[in-house]
Amino acid sequence: MNKIIILLMLCLSFGGTAQQRNPANKAIYLEDISWTEAQKILHSETVVVIPLGAAAKEHGPHLPLATDFLQAEGLAKRVALEKKVVITPVVSYGFYPAFLKYPGSTSTTFATATNMVVEIVRSLAGYGPRRFYIINVGVSTTPTLETAAKTLAEEGILLYYSRYDRPAFDKAEARIRTKAYSGHADELETSNVLSLRPDLVDMRKAVNDSSMKGKSGNMTPVMIETGNLNTSGINGYAALGTKEKGQKNMDSFAHELMKEIDSVATCALPLMKDRSAEYASYEGTYEDATGKKLEISQKDNTLHFIWNGRDTRNFFHLYQDAPDYFSSMNMNILFVKNESGAVNKAWCQFRGERFWVTKAQK
């Protein structure tokens, strides 16, 4: 009997977590299909939508840590009903340093957040798509996306993303917000989650907190030097949140998202930067202290490597992430120049191994 009860509980658990898609969806969720189906739909005309929202970031004592995740997911569902796009799984980690004094909140570094987006896009672009749009439920994430977009543009890939401070989004929210002051876990975010997952909201703990008004920087629930004391983690009027406001706000925000997605589908793609002359300076054979060789070559405006006789050029090439710095799936290389400006050595990381190599003289 106990075994039957456990089996039923497991079935209910899996059933509760399984995604129930709307049969009226026009979009395709990447996580729901096989690789053979993905092969058919990922091509040069495909627009890929990537929802980005923290799954573990404080939003006051009344909202779940997954508030941003839930909003990103909810907005993606609205897009799915209207647009023939491919929607990826929600990216649930990113750059959220301002909240790290509140237990449970997580953040990556700026570089990691940027690279994560770049690498996700590069992976999918390898199958054909060149147009990407990020549903960005965050503020501190915006600079990381701006940096990622610049990197990808030089590779001929378009990345665009929503941001709250664009006039269209700001006006859309202003029509629903009853108090002008807001910022975090506030009237609108509380309303949004009430419309999405009311079971996760405790309005008895929702308070109005304007202690951050006119301030910027890291918030903290206890007094810390140079920090901004905010005992609730709320920045705005959370007690004014309602389910009805949330439904209206989510619909309004999604409407603006879809206009931007339409633009991404039709605008001109960035031109890939020709780096062949620059890459020529890196080409050659390098050797480490044990005699292992690193061979660097280029083809079709792309830099390739062979390390210690292992040739993976048909699988993984090097991407330029910064001046003289390149990365691949398992290799990172920082090329070093001498006083005359010629590359003469490089610092490498191959998986967990770090070492120097010296360029052989011609």
Go through the steps to decide whether Asn249 and Ser191 satisfy the test side chain to side chain contact (heavy atoms under 4.5 Å, CB included), and finish with yes or no.
-> CA-CA 8 Å; Asn249 188 54; Ser191 297; 6.0 Å; no

How far apart are the C-alpha atoms of Tyr279 and Asn301, what are their side-chain angles, what is the distance that settles it, and do they pass the side chain to side chain donor-acceptor pair (under 3.5 Å) test?
-> CA-CA 8 Å; Tyr279 287 174; Asn301 201 33; 5.7 Å; no

Given side chain to side chain contact (heavy atoms under 4.5 Å, CB included), test Ile41 with Ile33 step by step and report yes or no.
-> CA-CA 10 Å; Ile41 64 168; Ile33 63 175; 3.5 Å; yes

Could you go step by step and tell me if Glu278 and Gln320 meet the side chain to side chain contact (heavy atoms under 4.5 Å, CB included) rule?
-> CA-CA 11 Å; Glu278 176 188 353; Gln320 184 163 23; 3.0 Å; yes

Starting from the C-alpha separation in whole Å, work towards a yes-or-no answer on side chain to side chain donor-acceptor pair (under 3.5 Å) for Asn208 and Ser210.
-> CA-CA 7 Å; Asn208 300 327; Ser210 57; over 6 Å; no

Given Lys292 and Val357, is the side chain to side chain contact (heavy atoms under 4.5 Å, CB included) satisfied, shown in steps?
-> CA-CA 9 Å; Lys292 295 178 181 176; Val357 292; over 6 Å; no

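Each of Ile134, Val85, Leu75 was checked for a side chain to side chain contact (heavy atoms under 4.5 Å, CB included) with Val49, and the lone residue meeting it is Val85. Of the options Arg122, Lys273, Arg275, a salt bridge (charged side-chain N to carboxylate O under 4.0 Å, His left out) to Glu155 is made by Arg122 and by none of the others.
Heavy-atom minimum distance, Ala238 versus Ala185: CB-O, 3.4 Å. Taking each heavy atom of Ala76 and Pro51 in turn, the nearest pair found is CB-CG, 3.9 Å. The two residues Ser162 and Leu257 come nearest to each other via the heavy atoms CB-CD2, 3.5 Å. Nearest heavy atom pair, residue Leu229 against residue Ser211, reads O-OG, 3.7 Å. Between Thr114 and Ala148, the shortest heavy-atom contact is CG2-N, 3.8 Å. For the residue pair Ser281 and Lys359, the shortest heavy atom distance occurs at O-NZ, 3.0 Å.
Between Phe305 and Thr312, some side-chain heavy-atom pair lies under the 4.5 Å cut-off. Considering only heavy atoms from C-beta on, Ser252 comes within 4.5 Å of Arg175 through its side chain. Residues Thr141 and Tyr96 have side chains in contact (heavy-atom distance under 4.5 Å, counting atoms from C-beta outward). Within the 4.5 Å cutoff, the side chain of Ile333 has heavy atoms near those of the Leu294 side chain. Residues Ser182 and Leu188 have side chains not in contact (no heavy-atom distance under 4.5 Å, counting atoms from C-beta outward). Residues Met219 and Lys101 have side chains not in contact (no heavy-atom distance under 4.5 Å, counting atoms from C-beta outward). Contact annotation: the side chain of His184 approaches that of Lys57 to within less than 4.5 Å [non-hydrogen atoms, C-beta and beyond]. Residues Thr88 and Ile120 fail the side-chain proximity criterion, which asks for heavy atoms closer than 4.5 Å.
A donor-acceptor pair under 3.5 Å links the side-chain atoms of Asn228 to the main chain of Ser216, judged by distance alone. A distance-only check finds a donor-acceptor pair linking the side chain of Thr151 to the backbone of Thr147 [under 3.5 Å]. One N or O on the side chain of Arg131 and one on the backbone of Cys267 form a donor-acceptor pair closer than 3.5 Å. When atom types are taken as modelled, the side chain of Ser34 and the backbone of Glu37 share a donor-acceptor pair closer than 3.5 angstrom.
The cluster map of Ile, Leu, Val, Met, Phe, Trp and Tyr, joined by side-chain heavy atoms under 4.5 Å apart, puts Ile135 and Leu196 in the same cluster. Transitive grouping of hydrophobic side chains (ILVMFWY, heavy atoms separated by less than 4.5 Å) keeps Val47 and Ile157 in distinct clusters. Under the 4.5 Å side-chain heavy-atom criterion for grouping Ile, Leu, Val, Met, Phe, Trp and Tyr, Tyr325 is not connected to Met331 through any hydrophobic cluster. Residue Leu159 is grouped with residue Met116 when hydrophobic side chains (ILVMFWY) are merged at heavy-atom distances under 4.5 angstrom, including chains of intermediate members. Side-chain heavy atoms closer than 4.5 Å link hydrophobic residues (I, L, V, M, F, W, Y) into clusters, and following such links, possibly through other members, connects Leu70 to Val79.
The aromatic rings of Tyr164 and Phe253 sit tilted relative to each other, their planes meeting at an angle between 30° and 60°. Using a 30° and 60° split on the angle between ring planes, Phe110 and Phe95 fall in the perpendicular class, above 60°. Taking the six-membered ring where tryptophan is involved, the planes of Phe326 and Phe335 are perpendicular, since the angle between them exceeds 60° and thus also 30°.
Because its NZ or CZ atom is both nearer than 6.0 Å to the ring centre of Tyr161 and within 45° of the ring axis, Arg166 counts as a cation-pi partner of that residue.
Residue Ser140 holds its OG atom at 6.5 Å from CZ of Phe99, rounded to the nearest 0.5 Å. For the atom pair Gln71 CD and Asn192 CG, the distance stands at 4.5 Å (nearest 0.5 Å). To the nearest 0.5 Å, atom OG1 of residue Thr190 and atom CG of residue Leu63 are 4.5 Å apart. If you take CG on Leu240 and NZ on Lys179, they are separated by 7.0 Å, rounding to the nearest 0.5 Å. To the nearest 0.5 angstrom, Thr106 atom OG1 is 8.5 Å from Leu65 atom CG. Note: Asp68 CG to Glu58 CD = 10.0 Å, rounded to the nearest 0.5 Å.
Shown here are the salt bridge (charged side-chain N to carboxylate O under 4.0 Å, His left out) partners of Lys293, two or more places apart in sequence or in another chain: Glu287.
Between the side chains of Thr302 and Asp300, no donor-acceptor pair is found at a separation under 3.5 Å. One side chain, Asn230 or Ser232, offers a donor N or O that lies under 3.5 Å from an acceptor on the other. Counted by atom type alone, Asp186 and Tyr181 present zero donor-acceptor pairs between their side chains at under 3.5 Å.
For Lys84, the NZ atom is loosely surrounded, since the number of other residues' heavy atoms within 6.0 Å does not exceed 12. Tyr93 OH: 12 or fewer foreign heavy atoms inside a 6.0 Å radius.
With salt bridges taken as basic N to acidic carboxylate O contacts below 4.0 Å, one links Lys259 and Glu256. A salt bridge is defined here as a Lys NZ or Arg NE, NH1 or NH2 lying under 4.0 Å from an Asp or Glu carboxylate O, and Arg313 with Glu295 fails to meet this definition. Note on Lys245 versus Glu187: salt bridge recorded, some NZ/NE/NH1/NH2 to OD/OE distance being below 4.0 Å.
With a 4.5 Å cut-off between side-chain heavy atoms of Ile, Leu, Val, Met, Phe, Trp and Tyr, the cluster of Phe315 takes in Phe316, Met329.
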